[in-house]
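Remarks on the structure that follows.
Below, all heavy atoms of this structure are taken into account, side chains as well, without hydrogens, waters or symmetry copies.
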Amino acid sequence: MAGCHHCATEFDGNSKAFRRVLWTVMGLNGLMFAVEIVAGVAAGSLALLADAGDFLGDTLTYGISLAVIGSALRVRAGAALFKAFTLAALGLFILAGALYRVFVLGTPDAMTMGTVGLVALAVNAFCALLLFRFREGDANVRSVWLCSRNDAIGNLAVLLAASGVWASGTAWPDLVVGGLMGAIFLSSAWSILRQALGEWRHAGQEAGAAQAETVSGSSISEEKP
């Protein structure tokens, strides 16, 4: 977590280059969400559905990041808080899905999982390459990088799950990977939440100090004859 004394100087995403990258990765992630949600349902794969959820979360994250670029620190911190809660909700949903699938018969289609996983990995590798130089900054900017990192981990995990399903002929590798991805989302949500709360408090302290200075200045003016 970045300390509050860095909040005012951290990169806030207010650059044309960062905006261009966000528009590009947002479009790619939206497209892959549509592909994976269809493939996940068709293959009966929790890992693919979890990765589709990750793509959707990233698309929303990039859109929110674009919307608040150039805004006040408290606005950007509020956006990061919203994204942290969204990631946490997604992680809990995936974990609940994994528990539910334990009691449901059926093995996902390993070939579909592997094929879609490879396409998703290629897309996410490209997105991660674009975002790598923007991996440091305030909570809003940093959340973008964490989502990109989660994508790469998630795609590799889907490929591992597909290999496990193919080798074992059971759904357990898919369930394990889906659960691990849910845990990764919760970890990222906690990291973003801590930094965003620090920035939120820092912005409040700055606003309070500015207000006190204004009141003090007004009092001095009133005391003058």
**Message:** Is there a continuous path of hydrophobic side-chain contacts, each under 4.5 Å between heavy atoms, that joins Tyr62 to Val123?
**Reply:** yes

**Message:** According to side-chain contact (heavy atoms from CB on, under 4.5 Å), who are the partners of Leu186, at least two apart in sequence or on a separate chain?
**Reply:** Ala88, Leu92, Leu95

Acceptor/donor pairs from residues 24-31 side chains to any protein atom, 3.5 angstrom cut, sequence neighbours excluded:
unit_1, atom_1, unit_2, atom_2, d
Thr24, OG1, Arg20, O, 3.0
Asn29, ND2, Val25, O, 2.7

**Asked** Roughly how far, to the nearest 0.5 Å, is CG of Leu22 from CG of Leu131?
**Response** 6.5 Å

**In one Ile/Leu/Val/Met/Phe/Trp/Tyr side-chain cluster, 4.5 Å: Leu156, Phe126** = no

**Message:** Nearest 0.5 angstrom please: Leu193 CG to Phe82 CZ, how far?
**Reply:** 13.5 Å

**Asked** Should Leu130 and Ile69 be regarded as members of a common hydrophobic cluster, given that ILVMFWY residues are connected when their side-chain heavy atoms come within less than 4.5 Å of each other, either directly or indirectly?
**Response** yes

**Message:** Quick check on the hydrophobic clustering: are Phe85 and Trp200 connected, directly or via other members, by side-chain heavy-atom contacts under 4.5 Å?
**Reply:** yes

**Closest non-hydrogen atom pair between Glu36 and Ala52, with its separation** = OE1-N, 3.1 Å

**Message:** Before you tell me yes or no, could you show the steps for Val35 and Phe55 under side-chain contact (heavy atoms from CB on, under 4.5 Å), namely the whole-Å CA-CA distance, both residues' side-chain angles and the distance that decides it to 0.1 Å?
**Reply:** CA-CA 10 Å; Val35 171; Phe55 273 119; over 6 Å; no

**Prompt:** So how far is it from Leu66 CG to Trp23 CH2, rounded to the nearest 0.5 Å?
**Reply:** 5.5 Å

**Request:** Would you please name every residue forming a side-chain hydrogen bond (donor to acceptor under 3.5 Å, both in side chains) with Asn124, sequence neighbours left out?
**Result:** Asn155

**Prompt:** Do Met32 and Val119 have side chains that get closer than 4.5 Å, going by heavy atoms?
**Reply:** yes

**Message:** Please give me the minimum heavy-atom distance between Ala84 and Ala189, naming the atom from each residue.
**Reply:** O-CB, 3.2 Å

